[in-house]
**Q** 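Please find one structure pasted underneath; my questions will follow.
Atom set for the values below is all heavy atoms of this structure, side chains included, hydrogens, waters and symmetry mates excluded. Owing to the predicted nature of the structure, the values given are computational and were not obtained by experimental measurement.
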Amino acid sequence: MSRSPGEGSARRSPRERTAQIEEAARALALDAGLAAVTLRAVAKRVGVASGLVARYAPSMDALVASTFQGIVETEIAEVRQLLASKSPAACLVALVDTLLDQSRDDVTVIWVEAWGIGRRNATLAPVVRQQMDAWRDIIQDIIERGTACGEFRDVDAESVAWLLLGMIDGLNAHALVRWNELGARGAHIRNALEGMLGTGATFG
């Protein structure tokens, strides 16, 4: 919901104003996508003139990049908490379930737009790569732990993590336009996990 004119124009400290602008950018991105984070839209959301936003966020490319980073880091923290204390196989099942159940579609939109926008936004692109590395590292760590304890067969953990992340991203992007059977996505991934990692572990 946008603020009424003047609602956000009360005098604030630089730190408070910066936080307000960052919060507005985040809300805009989650509501309408990363492309919605523009100078005018952020100013309207805060309830101030565009010039004031430009004063505290002189680079919109940098604001878009930091908005993306904040959203993704929040999701990663949520997922790490979800996976805590689970066995490696249970971690992969929980990971697939939470990333494919459509409850995170707003973040999926952010990712899809970031890949596109990042082609021309030199500030955003390295942040996207950094967060993709972070996701791959989470999955790779799970696979390495599973291999070490005998739940998974011995594999190139980095390659499998890369493949799994690509499959999840691809299926989630497809789901945004309701392509193919949405309910079957988890089963497809679990079948792939059985093929890549399966020993005594079950992914059903």
**Q** Any ion pair linking Asp31 and Arg26 (charged N to carboxylate O, less than 4.0 Å)?
**A** no
**Q** Output, in order, the C-alpha distance, side-chain angles, deciding distance and verdict of side chain to side chain contact (heavy atoms under 4.5 Å, CB included) for Asp97 and Arg190.
**A** CA-CA 10 Å; Asp97 287 347; Arg190 286 189 287 273; 3.1 Å; yes
**Q** Scan side-chain atoms only and decide if Asp61 and Ser59 contain a donor-acceptor pair under the 3.5 Å cut-off.
**A** no
**Q** Enter the distance from Leu99:CG to Leu171:CG here, rounded to the nearest 0.5 Å.
**A**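 With rounding to 0.5 Å, CG (Leu99) is 11.5 Å from CG (Leu171).
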**Q** Is any side-chain heavy atom of Val155 closer than 4.5 Å to a side-chain heavy atom of Met196?
**A**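 Side-chain contact under 4.5 Å: no.
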**Q** Show your working on side chain to side chain contact (heavy atoms under 4.5 Å, CB included) between Leu197 and Glu151 and close with a plain yes or no.
**A** CA-CA 8 Å; Leu197 300 172; Glu151 280 196 350; over 6 Å; no
**Q** Would you say Gln102 and Asn172 make side-chain contact, with heavy atoms under 4.5 Å?
**A**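 No - every pair of side-chain heavy atoms lies 4.5 Å or more apart.
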**Q** Does Thr67 reach the side chain of Ile110, with side-chain heavy atoms less than 4.5 Å apart?
**A**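 Not touching, per the 4.5 Å side-chain cut-off.
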**Q** Do Trp135 and Val79 come within less than 4.5 Å of each other through their side chains, counting heavy atoms only?
**A**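 In contact.
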**Q** Determine whether Arg104 and Thr98 satisfy the following criterion, side chain to side chain contact (heavy atoms under 4.5 Å, CB included), listing intermediate values before the conclusion.
**A** CA-CA 8 Å; Arg104 300 179 185 275; Thr98 193; 3.1 Å; yes
**Q** Under the 3.5 angstrom rule, does the side chain of Arg178 hit a backbone N or O of Ala175 as a donor-acceptor pair?
**A** yes
**Q** Roughly how far apart are Glu23 CD and Thr18 OG1, rounded to 0.5 Å?
**A**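 Glu23 CD to Thr18 OG1: 12.5 Å, rounded to 0.5 Å.
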**Q** Looking only at heavy atoms, which two atoms of Asp105 and Leu176 are closest? And how far apart?
**A** O-CD2, 4.2 Å
**Q** Hey, mind stepping through Lys86 and Val93 against side chain to side chain contact (heavy atoms under 4.5 Å, CB included) and telling me if it holds?
**A** CA-CA 10 Å; Lys86 289 182 169 60; Val93 171; over 6 Å; no
**Q** Please report the shortest heavy-atom distance between Ile143 and Ala157, naming the atom on each side.
**A**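 Reported closest heavy-atom pair: CG2-CB, 3.7 Å.
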**Q** So, for Val46 and Ala24, which heavy atoms are closest and what is the spacing to 0.1 Å?
**A** CG2-CB, 3.6 Å
**Q** Using a strict 4.0 Å threshold on nitrogen-to-oxygen distance, state whether Asp141 and Arg145 make a salt bridge.
**A**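 Yes, Asp141 and Arg145 are salt-bridged.
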**Q** With heavy-atom distances below 4.5 Å as the criterion, would you say the side chains of Leu164 and Leu92 are in contact?
**A** yes
**Q** Measure the shortest side-chain to side-chain distance between Val72 and Ile76 over non-hydrogen atoms and say whether it is less than 4.5 angstrom.
**A** yes
**Q** Taking the side chain as every heavy atom from C-beta outward, state whether Trp115 and Val112 have any atom pair closer than 4.5 Å.
**A** yes
**Q** Heavy-atom distance under 4.5 Å between the side chains of Phe68 and Val128, does that happen here?
**A**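 Yes; the side chains approach each other to less than 4.5 Å.
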**Q** Any salt bridge between Glu75 and Arg80, counting N to O under 4.0 Å?
**A**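 Answer for the salt bridge query: no.
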**Q** What's the spacing between Leu124 CG and Gln69 CD if we round to 0.5 Å?
**A** 10.0 Å
**Q** Out of curiosity, Lys44 NZ to Thr38 OG1, how far, rounded to the nearest 0.5 Å?
**A**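 Answer for the NZ-OG1 pair, Lys44 versus Thr38, is 10.0 Å.
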**Q** Which distance, rounded to the nearest 0.5 Å, do you find between the CG of Asp154 and the OG1 of Thr147?
**A**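 Answer rounded to 0.5 Å: 6.0 Å.
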**Q** Hey, could you give me the CG/CZ distance between Leu163 and Arg136, rounded to the nearest 0.5 Å?
**A**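 Those atoms lie 12.0 Å apart.
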**Q** Could you report the tightest heavy-atom contact between Gly118 and Ala125, atom names first, then the distance?
**A**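 Smallest interatomic distance, heavy atoms only, reads O-CB, 3.4 Å.
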**Q** Please determine, by modelled atom types, if Glu16 and Gln20 share a side-chain donor-acceptor pair under 3.5 angstrom.
**A**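 Short answer, no.
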**Q** Write down the atom of Gly33, the atom of Val109, and the distance for their closest heavy-atom approach.
**A** CA-CG1, 4.2 Å
**Q** Can you name the nearest heavy-atom pair linking Ala161 to Gln140, along with the distance?
**A** CB-N, 3.6 Å
